[in-house]
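Since the structure comes first, as structure tokens, the remarks are kept for the end.
Protein chains get the first letters and strands the later ones, always in sequence-line order, with residue 1 at the start of each. Every value quoted in this text rests on a predicted model; they were computed, and no experiment measured them.
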There are 2 protein chains.
Amino acid sequence: MSRRSGVLEFAVLGLLRESPMHGYELRKRLNTSLGVFRAFSYGSLYPCLKTLVTNGWLIEESTGTAEDATAPAGRVVPSSSALGGRRAKIVYRLTPEGKERFEELLSHTGPDAWEDEHFGVRFAFFGQTSRDVRMRVLEGRRSRLEERLEKMRASLARTRERLDDYTLELQRHGMESVEREVRWLNELIESERAGREQRRPAEQDTSHDTGGLPRHRGSTRPDPSDDTAK
Amino acid sequence: MSRRSGVLEFAVLGLLRESPMHGYELRKRLNTSLGVFRAFSYGSLYPCLKTLVTNGWLIEESTGTAEDATAPAGRVVPSSSALGGRRAKIVYRLTPEGKERFEELLSHTGPDAWEDEHFGVRFAFFGQTSRDVRMRVLEGRRSRLEERLEKMRASLARTRERLDDYTLELQRHGMESVEREVRWLNELIESERAGREQRRPAEQDTSHDTGGLPRHRGSTRPDPSDDTAK
DNA sequence: AATTTCATGTAATTCGTTACATGATTCC
DNA sequence: GGAATCATGTAACGAATTACATGAAATT
């Protein structure tokens with residue numbers, strides 16, 4: 001049972017659902033796919049993998065070339081023989097129970113889902129999430145942020161004069177960041193709604209399809225001058 | 001000695017330097033002044049206060065009306081007698097050693113100073129920080145973020161095709177947030193520099209004066225349409 | 001041959017929260 | 001007189017990190 005970590009467990013299951021991987025690569029993916037929002041070290045990852053195995057959600061396989069990850073792979077037992085690519089050490093694969101578990105987590109809409117620590121990871125797996133859950137999470141997040149803005153405005157109004165310029169500037173910048181995220185959420189929610197309208201009110205309880213995200217022009221700039229390389 | 005918490009210790013010393021307070025109020029200030037960036041609970045605060053007392057950086061005083069906080073106050077011993085306002089329980093006051101300690105921390109420019117967890121609190125006390133330290137912290141933060149951008153761009157370029165729309169959107173939004181903070185830092189740095197130019201290159205090693213922050217027009221907007229309220 | 005990157009793990013520690021326990025004071 | 005908020009604490013737990021330990025494979 002052991003209530004191991006929310007976020008890390010979720011992310012690991014989610015990444016492994018896409019394809020089996022070994023720990024080292026998993027960690028890299030964790031720290032890029034989930035981007036700025038969270039970073040994990042081996043000290044967290046490996047123990048987590050162990051308990052997930054114990055829970056029967058993962059199985060350890062040995063090897064199969066790393067490039068071969070998406071192949072059928074009927075548990076290859078290596079015996080250190082001829083292998084094309086670099087040999088991987090321990091490859092973790094999601095069991096059917098693990099997949100079930102992940103789906104269960106995906107459908108959770110508890111109020112934690114839109115807290116800072118969880119929201120990023122939830123969003124990262126929206127591709128696997130049903131639209132109604134996506135909606136609830138986005139809207140939950142938005143009202144969470146609006147509530148926060150409320151408080152900030154109130155406390156700012158109460159204390160405005162007693163604060164020095166820097167504290168004030170910090171506050172201002174903080175609020176602006178939150179407001180910016182709210183606007184972002186508004187766009188996303190709107191385009192989710194638009195997506196819903198497009199498809200006819202036919203059935204399909206768990207329909208997984210993207211409502212078409214708001215296309216942003218320059219993807220954070222094409223960046224022609226990649227000088228500062230280390 | 002006991003290496004108690006960086007951020008919390010710093011913030012407590014900083015707030016108490018401005019005026020003595022009791023724990024309860026301290027905590028509120030902590031969670032508004034330092035705003036979105038950090039929140040603390042009593043479970044962290046009170047133990048921290050204790051060790052700070054042990055270290056000789058704070059002393060506990062009993063009472064004095066809460067409103068009276070800025071008065072001379074030569075350790076009032078209450079004996080539950082007639083007092084004007086609501087009576088406060090334990091008021092913490094910075095000792096000279098505590099003030100020294102805080103100043104020492106203020107001048108620290110270790111590479112942690114511009115990490116996510118520290119930067120906010122450092123900035124919040126820029127009013128008490130010498131300009132050259134301010135500069136180093138701001139510039140340190142900026143190059144930290146630029147380095148982060150670098151990595152994100154690289155990993156994005158490597159994996160662009162293999163990612164679904166939501167992951168991509170998350171990445172994009174993340175980068176945009178970081179870019180936005182960089183622009184903010186640029187403004188701040190520029191106005192710090194402008195401030196330096198204004199004053200003649202006369203001495204004063206530890207000169208504390210604000211270089212005049214960039215005035216932002218609408219302070220986070222007057223907010224005329226507060227519809228989406230919960 | 002040496003260094004870097006890949007790869008896996010453990011033990012101790014850090015930083016903080018939640019839940020609990022307690023009680024005074026103020027507001028309605 | 002009952003609820004809310006003020007006020008102070010403690011014990012148990014949580015989630016993740018750092019530093020350490022180890023070694024194989026690839027690159028230069």
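Atom CG in Leu26(A) sits about 13 Å away from atom C1' in dT8(C), given to the nearest Å. What separates CD of Glu117(B) from P of dT17(C) is a distance of 14 Å, to the nearest Å. Nucleotide dT17(C) holds its P atom 10 Å from the CG atom of Leu45(B), rounded to whole Å. Whole-Å rounding puts the Tyr24(B) OH to dA24(C) P distance at 17 Å. Taking atom CG of residue Leu30(B) and atom P of nucleotide dC15(C), one finds them 16 Å apart after rounding to whole Å. Atom NZ of Lys89(B) and atom P of dT26(C) are 11 Å apart (whole Å). At whole-Å resolution of the value, CG in Asp112(B) and C1' in dT18(D) are 14 Å apart. To the nearest angstrom, P of dA24(D) lies 17 Å from NE2 of His22(A).
The Ser41(A) side chain lies nearest to dT18(D) when the options are dT18(D), dT17(C), dT8(C). Of the candidates dA7(C), dC6(D), dG16(C), dG16(C) carries the atom nearest the Leu8(B) side chain, counting heavy atoms from C-beta on. Closest contact between the side chain of Arg38(A) and the listed nucleotides dA24(D), dC6(D), dA16(D) involves dA16(D). Among dG16(C), dG9(C), dT8(D), the nucleotide with an atom closest to any side-chain atom of Val7(B) is dG16(C).
In this structure, Arg141(B) is positioned above the aromatic face of Phe119(B), its NZ or CZ under 6.0 Å from the six-membered ring centre and within 45° of the axis.
Leu105(A) pairs by the side chain to side chain contact (heavy atoms under 4.5 Å, CB included) definition with Glu9(A), Phe10(A), Leu13(A), Arg101(A), His108(A), not counting sequence neighbours.
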Could you run down the sub-3.5 Å N/O contacts of the protein with nucleotides 10-13 of chain D?
{"unit_1": "dT10(D)", "atom_1": "OP1", "unit_2": "Lys50(B)", "atom_2": "NZ", "d": "2.9"}
{"unit_1": "dT10(D)", "atom_1": "OP2", "unit_2": "Lys50(B)", "atom_2": "NZ", "d": "3.2"}

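Side-chain N/O atoms of Ser177(B) and Arg180(A) include a donor and acceptor closer than 3.5 Å.
A salt bridge links Arg153(A) with Glu179(A): the closest approach of a Lys/Arg side-chain nitrogen to an acidic carboxylate oxygen falls below 4.0 angstrom. A salt bridge does not link Arg144(B) with Glu181(B): every distance from a Lys NZ or Arg NE/NH1/NH2 to an Asp or Glu carboxylate oxygen is 4.0 Å or more. Using a 4.0 Å cut-off between charged nitrogen and carboxylate oxygen, Lys151(A) and Glu147(A) do not count as a salt-bridge pair.
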* In sequence, state the C-alpha distance, the side-chain angles, and the governing distance for Arg29(A) and Thr159(B), and then conclude on side-chain hydrogen bond (donor to acceptor under 3.5 Å, both in side chains). => CA-CA 10 Å; Arg29(A) 301 285 232 93; Thr159(B) 60; over 6 Å; no
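For dA15(D), neither phosphate oxygen OP1 nor OP2 lies less than 4.0 angstrom from any side-chain nitrogen or oxygen of Ser44(A).
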